[in-house]
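Residues take their numbers from the sequence shown, with the count starting at 1.
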Amino acid sequence: KRMFVLAPDDPRGHLDLANIYKRQKKYDLSVQHLKIALASPALEVDNKVQVLYSFYQLSEIDTAMRKISYQLLEISISATPNEPKLYAMLGDFQMRDNDLKAARNSFRKATRLGANQLQLWSQLLLLDARLNMNDSLAADGEICLELYPNQPLGYLMAGSGNLLIENFPKAAELFEAGLDFVLDNPELEEQFYISLADVYHRLEEHKKSDDYFEKALELNPSSPTVLNNYAYYLSERGVRLDDALEMTEKCNRLAPNNGVFLDTWAWVLYKKGKYSEALEKINECAKFGGAESGEVLEHWGDILLKLNKKEEALAKWKEAATKEDATKNVQQKIESLQRDE
């Protein structure tokens with residue numbers, strides 16, 4: 001207290017007093033002095049971050065502390081509004097509390113103020129992907145790879161963004177370049193192989209697509225994702241259907257009760273002309289979330305039509321057309337069947 005008389009503008013005394021009151025379990029007084037300290041532009045930002053990080057840990061255990069945590073964050077940012085570390089910390093709180101849009105905005109603000117740590121960019125790119133901000137994912141990924149040209153993260157995320165916005169040649173170029181920087185990380189290497197197999201399928205360079213799937217399986221023969229995607233793309237092309245069936249069966253043994261994987265199994269059976277078995281699998285798929293997918297509902301209708309269940313097929317296609325992931329073809333199928341009737 002004498003320190004406040006000698007140096008009233010020095011915030012460190014308030015931090016010391018906050019710690020004393022905390023030990024005495026006088027928590028309201030402790031928080032009061034923390035607020036005074038954090039409101040001072042004279043307090044070094046690393047000291048502020050240290051205080052805020054302690055509240056991050058505390059509020060994970062005691063959710064009642066979250067309101068106070070955000071108050072302290074707001075006070076800190078108001079005092080030094082151009083400090084990127086504080087926005088990065090705010091983003092950590094928001095991401096933990098599942099406020100994803102706000103977290104992305106905070107991380108983006110931190111980068112614009114000059115924070116360029118790879119971990120920060122990793123979080124920003126993850127949020128771009130989770131929020132389906134595909135254009136941002138492509139653009140932010142390219143900024144990341146320019147900052148860290150020897151790290152695979154930017155190439156993978158920029159490539160994924162370009163894949164999602166259907167700029168397939170650019171995506172392939174980025175994936176190929178990024179693969180060269182993957183060292184001693186089999187999981188990441190597998191992800192690059194899957195991505196390359198995907199993009200070359202879209203480019204109709206099927207040999208390259210198959211080659212990358214084979215590389216992925218050499219690396220991890222029991223990867224359900226690789227087995228599923230490989231089987232699905234083979235079935236879409238109507239080639240090597242016996243291999244596709246073997247892969248989808250193995251995939252579903254490794255990861256049972258998965259709607260996406262069951263849909264592939266049903267679709268491979270459909271392509272092989274085993275329509276009754278395909279219907280059994282697509283019915284099973286519906287029990288595990290498949291009925292929420294426009295693509296699955298469309299497949300369901302296709303199978304029903306082959307079994308001459310036209311009314312049921314039409315109903316499934318109409319339901320598929322209401323979903324966000326509905327394909328361009330489903331409306332044509334509806335109109336074609338209605339004309340035939």
Side-chain angles (χ1 to χ4, degrees), residues 84 87-183 185 187-203 205 208-209 212-213 216 223 225-226 228-229 232-233 260 292-295 323-328:
Y87 288 100
M89 177 62 72
L90 176 60
D92 286 338
F93 273 85
Q94 292 164 330
M95 193 168 181
R96 182 199 64 189
D97 298 338
N98 207 36
D99 191 354
L100 302 186
K101 287 185 178 179
R104 184 194 175 275
N105 290 339
S106 296
F107 290 139
R108 199 73 185 90
K109 179 77 171 179
T111 63
R112 285 174 178 157
L113 289 170
N116 285 318
Q117 296 88 342
L118 184 60
Q119 178 61 27
L120 177 61
W121 277 99
S122 175
Q123 290 173 305
L124 176 60
L125 291 166
L126 173 64
L127 288 168
D128 283 344
R130 289 181 66 181
L131 292 166
N132 297 317
M133 299 176 68
N134 300 330
D135 289 313
S136 295
L137 182 61
D140 290 338
E142 292 217 42
I143 297 171
C144 181
L145 70 86
E146 287 171 7
L147 290 167
Y148 296 96
N150 297 326
Q151 295 291 331
L153 173 69
Y155 297 91
L156 179 63
M157 302 308 273
S160 299
N162 278 280
L163 176 61
L164 290 164
I165 62 176
E166 300 188 359
N167 188 352
F168 301 132
K170 180 68 172 177
E173 178 187 328
L174 288 162
F175 291 141
E176 293 280 10
L179 185 59
D180 292 338
F181 299 105
V182 180
L183 302 172
N185 190 333
E187 290 182 1
L188 186 58
E189 187 177 358
E190 180 184 333
Q191 185 57 58
F192 269 95
Y193 288 149
I194 293 171
S195 299
L196 282 160
D198 190 353
V199 75
Y200 281 124
H201 173 78
R202 310 298 182 93
L203 289 166
E205 295 187 41
K208 283 187 177 180
S209 177
Y212 277 114
F213 274 130
S223 168
T225 300
V226 175
N228 176 77
N229 293 8
Y232 187 76
Y233 288 155
V260 173
E292 299 303 314
S293 164
E295 186 175 16
K323 302 296 183 181
E324 286 187 9
D325 64 336
T327 70
K328 298 174 184 177

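Between Ala171 and Gly159, the shortest heavy-atom distance links the atoms CB-O, 3.4 Å. The minimum heavy-atom distance linking Ala172 with Leu196 is given by the pair O-CD2, 4.0 Å. Closest approach of Ala103 and Gly91 over heavy atoms only: CB-O, 3.6 Å. Taking every heavy atom of both residues into account, Ala138 and Ile165 meet most closely at CB-CD1, 4.4 Å. When all heavy atoms are compared, the tightest approach of Ala197 to Ser209 is O-OG, 2.7 Å.
Residues Leu125 and Cys144 are in side-chain contact: their nearest non-hydrogen atoms beyond the backbone lie under 4.5 Å apart. Between Tyr200 and Leu203 the shortest side-chain heavy-atom distance falls below 4.5 Å. Looking at Phe175 and Gln191, their side chains never come closer than 4.5 Å, going by heavy atoms from C-beta outward. Residues Phe107 and Leu127 meet the side-chain proximity criterion, which asks for heavy atoms closer than 4.5 Å. Residues Met95 and Leu126 have side chains in contact (heavy-atom distance under 4.5 Å, counting atoms from C-beta outward). Using a 4.5 Å heavy-atom cutoff, the side chains of Met157 and Asp140 are not in contact. Considering only heavy atoms from C-beta on, Ile143 comes within 4.5 Å of Trp121 through its side chain. The shortest side-chain heavy-atom distance between Ser136 and Arg104 falls under the 4.5 Å cut-off.
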**OP:** For the pair Lys170 and Leu174, evaluate side chain to side chain contact (heavy atoms under 4.5 Å, CB included) and give the outcome as yes or no after the intermediate values.
**Re:** CA-CA 6 Å; Lys170 180 68 172 177; Leu174 288 162; 4.0 Å; yes
Subject >> Tyr193/Leu179 under side chain to side chain contact (heavy atoms under 4.5 Å, CB included): CA gap, chis, key distance, verdict >> reply: CA-CA 8 Å; Tyr193 288 149; Leu179 185 59; 3.9 Å; yes
Original post:
Where do Phe192 and Val182 land on the side chain to side chain contact (heavy atoms under 4.5 Å, CB included) test, with the steps shown first?
Top reply: CA-CA 9 Å; Phe192 269 95; Val182 180; 3.6 Å; yes
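Between the side chain of Ser122 and the backbone N or O of Leu118 there is no donor-acceptor pair closer than 3.5 Å. A distance-only check finds no donor-acceptor pair linking the side chain of Tyr233 to the backbone of His201 [under 3.5 Å].
For Arg96, the side-chain hydrogen bond (donor to acceptor under 3.5 Å, both in side chains) test picks out Ser59, with sequence neighbours left out. Residues passing the side-chain contact (heavy atoms from CB on, under 4.5 Å) test with Ala115 are Pro84, Ala110, Gln117, Leu120, sequence neighbours excluded. Evaluation of the ring-ring contact (aromatic ring centres under 6.0 Å, His included) rule for Phe181 yields Tyr155 as partners, not counting sequence neighbours.
Note that CG of Asn98 and CG of Leu100 are 4.5 Å apart. Values are rounded to the nearest 0.5 Å. The CD atom of Glu189 sits 9.5 Å away from atom CG of Leu183, with the distance rounded to the nearest 0.5 Å. From Thr327, atom OG1 reaches atom CD of Glu295 across 7.5 Å, with rounding to the nearest 0.5 Å. Within the model, atoms CG of Leu124 and CE of Met133 stand 8.5 Å from one another, a figure rounded to the nearest 0.5 Å. Taking CG of Asn167 as the reference point, atom CG of Asn134 lies at 12.5 Å (rounded to 0.5 Å). Within the model, atoms CG of Leu145 and CG of Leu156 stand 11.0 Å from one another, a figure rounded to the nearest 0.5 Å.
Looking at Asp198 and Tyr212, their side chains never bring a donor and an acceptor atom within 3.5 Å of each other.
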